[in-house]
Amino acid sequence: MNKKKIIVPLFLLLAVSVYFIAFHKDKSLQYIPDNADTVILIDTKKLTGQYLFSLATHPSKWSGSKAKSKTSGSLKDSGIRIPDFLQIFHIKDTKFSEWYSVLELKDSQKFITCLKKQDFVAKGNNVFQKDQFFFMINGNHCIAGTSDLAFGTIQKKLLHQSGHPVWEADRFIQNTVGSISFISGQKIRNFSIELNEDEIEINNNSNPEIFNTIASKFEKGNHFLELELDRENIRNFTRFFKKSIADSSQITSLKAAADLKQINDTIVTYEYDDNFNEVERKTVQKITQPSYMIDILSNDPEKTWQYFQSEKWINNENQFTAIPFQPNKITQNNKGVTIKSTRNPISLSSRLKQNYIMIRNNALLYSSLKTLNNTEKKIISDIDYVLYGNKAQNYWIKIKANKGELPLILRW
């Protein structure tokens, strides 16, 4: 009887402890400024649980995970206090490439030591940089970003001012590993992020059947890139570049396809011999270039052509210079404008009257990206395709990886 009196409270204590460690979450999002227009949340406890479950069901990874932890270290040992929800945000009217996050530190000196071990360079004022990543230490907090331009504003809004608005996680995320949310005034548009066995899905609709038709048509294609977009989708994508192309150019839709080709490029240089005679030297190197065709439909083809000319995108040889890969040819017809590469021309299939972008992996793509490290190349080479689809107010992105012995969470 005495043993039961001891075991029952211990069991209840253990159950409460497990709940708070594994399931209880602080849903107050204290580190999102009021001028953020995009928010990415990562549920770290859900992600950790998914990782541990995958690890437990794949014993072949156990020894490898131990070796990896010894060489790369652990976030828990870096001085960072891991939040229940990692909060990443973009600030209104800044470049699309600028993203930020605020982290709490348990030990700022330990975190600085960790940064130096990872080859971050001190820039002064407690700012550290490596490539396009920046960290700013402010007492028991750290501001991270792909730029340091907004560090001062973030520091003032979130760390030096009291009483700033605090969001609740339930407004952005609902029982998924992550979410992407777009904020416009009082309106919030949420997209869930789901990490599956061999794919990542981002969508705002729980019914995947909407996009199965599009996906099935393209999974067996062969072009590196295929896309078809209507006016609204063109407007949405060009908004990232602060261009109102769809409205100004009278474009109603576009369809495009592209393939990657490796070609021989001859570089001619001139040297002088001992008698000061000019000597021509030719060097042949292999480069990767796309072959492409773009068919643009317009309400007024003449106005579309004039818009491209006003932007100085058409030169005297009728080449479309907004595309950096030359040579190409742009022509006007009674329905719109066509742009196609002059090397290895390709043809377009008939229009599906759907909104989609399909990018298939190609060895020529990641082999030509010289700035990537081995880990980044491995991740890109593991991707099979990326597919975007839209129908009415439903949006969907799938990042599909190649089939492997391990689930995606243990591969990357």
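- To the nearest 0.5 Å, atoms CG (Asp84) and OG1 (Thr48) are separated by 10.0 Å.
- Every residue two or more places apart in sequence or in another chain was checked for a side-chain hydrogen bond (donor to acceptor under 3.5 Å, both in side chains) with Gln30, and none qualifies.
- Residues Leu195 and Ile409 are in side-chain contact: their nearest non-hydrogen atoms beyond the backbone lie under 4.5 Å apart.
- A donor-acceptor pair under 3.5 Å is absent between the side-chain atoms of Glu226 and the main chain of Ala258, judged by distance alone.
- Crowding of Asn175 atom CG: a count of heavy atoms from other residues, nucleotides or ligands under 6.0 Å not exceeding 12.
- For Gln129 (side chain) and Asp131 (main-chain N/O), a donor-acceptor pair under 3.5 Å exists by modelled atom type.
- Proximity of a side-chain donor or acceptor of Thr38 to a complementary backbone N or O of Phe89 within less than 3.5 Å is not detected.
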- Given Ile91 and Trp99, is the side-chain contact (heavy atoms from CB on, under 4.5 Å) satisfied, shown in steps? CA-CA 8 Å; Ile91 296 175; Trp99 294 85; over 6 Å; no
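- Between Glu228 and Lys255, at least one side-chain N (NZ, or NE/NH1/NH2) sits under 4.0 Å from a carboxylate O, which counts as a salt bridge.
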- Query: Could you go step by step and tell me if Leu105 and Arg81 meet the side-chain contact (heavy atoms from CB on, under 4.5 Å) rule?
  - Reply: CA-CA 5 Å; Leu105 300 178; Arg81 190 183 307 278; over 6 Å; no
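- When the shell of 6.0 Å around NZ of Lys130 is examined, it contains more than 12 heavy atoms from other residues, nucleotides or ligands.
- Proximity of the aromatic rings of Phe308 and Phe320 is defined here by a centroid distance below 6.0 angstrom, and this criterion is met.
- Taking the charged nitrogens against the carboxylate oxygens, Arg360 and Asp384 have no contact shorter than 4.0 Å, which rules out a salt bridge.
- To the nearest 0.5 angstrom, Ile314 atom CD1 is 4.0 Å from Trp305 atom CH2.
- To the nearest 0.5 Å, the span separating NZ on Lys400 from CG on Asn196 amounts to 8.5 Å.
- Using a 4.0 Å cut-off between charged nitrogen and carboxylate oxygen, Lys340 and Asp295 do not count as a salt-bridge pair.
- In this model, no donor atom of one side chain and acceptor atom of the other lie less than 3.5 Å apart for Tyr307 and Gln309.
- Under the 3.5 Å distance criterion, with hydrogens and angles disregarded, a donor-acceptor pair is assigned to the side chains of Gln332 and Glu302.
- Taken from CD1 in Ile339 to CD1 in Ile330, the straight-line distance is 4.0 Å, to the nearest 0.5 Å.
- No donor-acceptor distance shorter than 3.5 angstrom exists from the side chain of Lys312 to the backbone of Thr321, with no hydrogens or angles considered.
- Residue Asn333 qualifies as enclosed at atom CG: its count of foreign heavy atoms under 6.0 Å is above 12.
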- Take Phe172 and Phe85 through the ring-ring contact (aromatic ring centres under 6.0 Å, His included) test and state the conclusion after the steps. CA-CA 11 Å; Phe172 300 96; Phe85 292 94; 10.0 Å; no
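- Using a 3.5 Å distance cut-off with no hydrogens or angles, the side chains of Gln250 and Arg231 do not pair a donor with an acceptor.
- Using modelled atom types, one finds no donor on one side chain facing an acceptor on the other under 3.5 Å when comparing Ser192 with Thr176.
- When atom types are taken as modelled, the side chain of Thr146 and the backbone of Ser97 share a donor-acceptor pair closer than 3.5 angstrom.
- Residue Glu405 qualifies as open at atom CD: its count of foreign heavy atoms under 6.0 Å is 12 or below.
- A donor atom on one side chain and an acceptor atom on the other are found under 3.5 Å apart for Tyr292 and Asn328.
- One distance of note links CG of Asn138 with CE of Met136; it measures 6.0 Å at 0.5 Å rounding.
- Counting only distance, with no hydrogens or angles, the side chain of Asn361 and the backbone of Ile383 share a donor-acceptor pair below 3.5 Å.
- Between Leu225 and Met358 there is no side-chain heavy-atom pair separated by less than 4.5 Å.
- Remark: the Asn190 side chain and the Ser181 side chain contain an N/O donor-acceptor pair separated by less than 3.5 Å.
- With hydrogens and angles disregarded, a donor-acceptor distance shorter than 3.5 Å links the side chain of Thr44 to the backbone of Pro83.
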- Task: With side-chain contact (heavy atoms from CB on, under 4.5 Å) as the test, would you mind laying out the steps for Leu86 and Leu47 before giving the verdict?
- Result: CA-CA 11 Å; Leu86 179 62; Leu47 183 63; over 6 Å; no
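- Contact annotation: the side chain of Ile143 approaches that of Leu159 to within less than 4.5 Å [non-hydrogen atoms, C-beta and beyond].
- Between the side chain of Asn390 and the backbone N or O of Ala392 there is at least one donor-acceptor pair closer than 3.5 Å.
- Side-chain contact, Asn233 with Asp230: a donor N or O sits under 3.5 Å from an acceptor N or O.
- Counting heavy atoms from C-beta on, the side chains of Ile112 and Ile137 come closer than 4.5 Å.
- Note on Asp34 versus Lys157: salt bridge recorded, some NZ/NE/NH1/NH2 to OD/OE distance being below 4.0 Å.
- The distance from the CG atom of Asn204 to the CZ atom of Phe182 is 10.0 Å, given to the nearest 0.5 Å.
- Under the 30°/60° scheme for interplanar angles, the aromatic rings of His90 and Phe96 are found to be tilted.
- Taking the side chain as every heavy atom from C-beta outward, Asp119 and Phe128 never approach each other to under 4.5 Å.
- Ring geometry, Tyr395 versus Tyr388: the interplanar angle falls from 30° to 60°, so the pair is classed tilted.
- Between Tyr100 and Thr153, every side-chain heavy-atom pair lies at or beyond the 4.5 Å cut-off.
- Ion pair Asp148/Lys123 flagged as a salt bridge, since at least one NZ, NE, NH1 or NH2 atom sits closer than 4.0 Å to an Asp/Glu carboxylate oxygen.
- Ionic pairing of Arg235 and Glu232 is present here: one or more N-O contacts between side-chain nitrogen and carboxylate oxygen are shorter than 4.0 angstrom.
- Gln87 and Tyr31 form no side-chain donor-acceptor contact under 3.5 Å, judged by distance and modelled atom types alone.
- For Phe135 and Phe111, the ring centers are positioned less than 6.0 Å apart.
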- Show your reasoning for whether salt bridge (Lys or Arg N to Asp or Glu O under 4.0 Å) applies to Lys403 and Asp198. CA-CA 7 Å; Lys403 292 286 185 181; Asp198 58 1; 3.0 Å; yes
- Item | Test side-chain contact (heavy atoms from CB on, under 4.5 Å) applied to Leu115 and Phe133, step by step | CA-CA 11 Å; Leu115 289 178; Phe133 297 103; over 6 Å; no
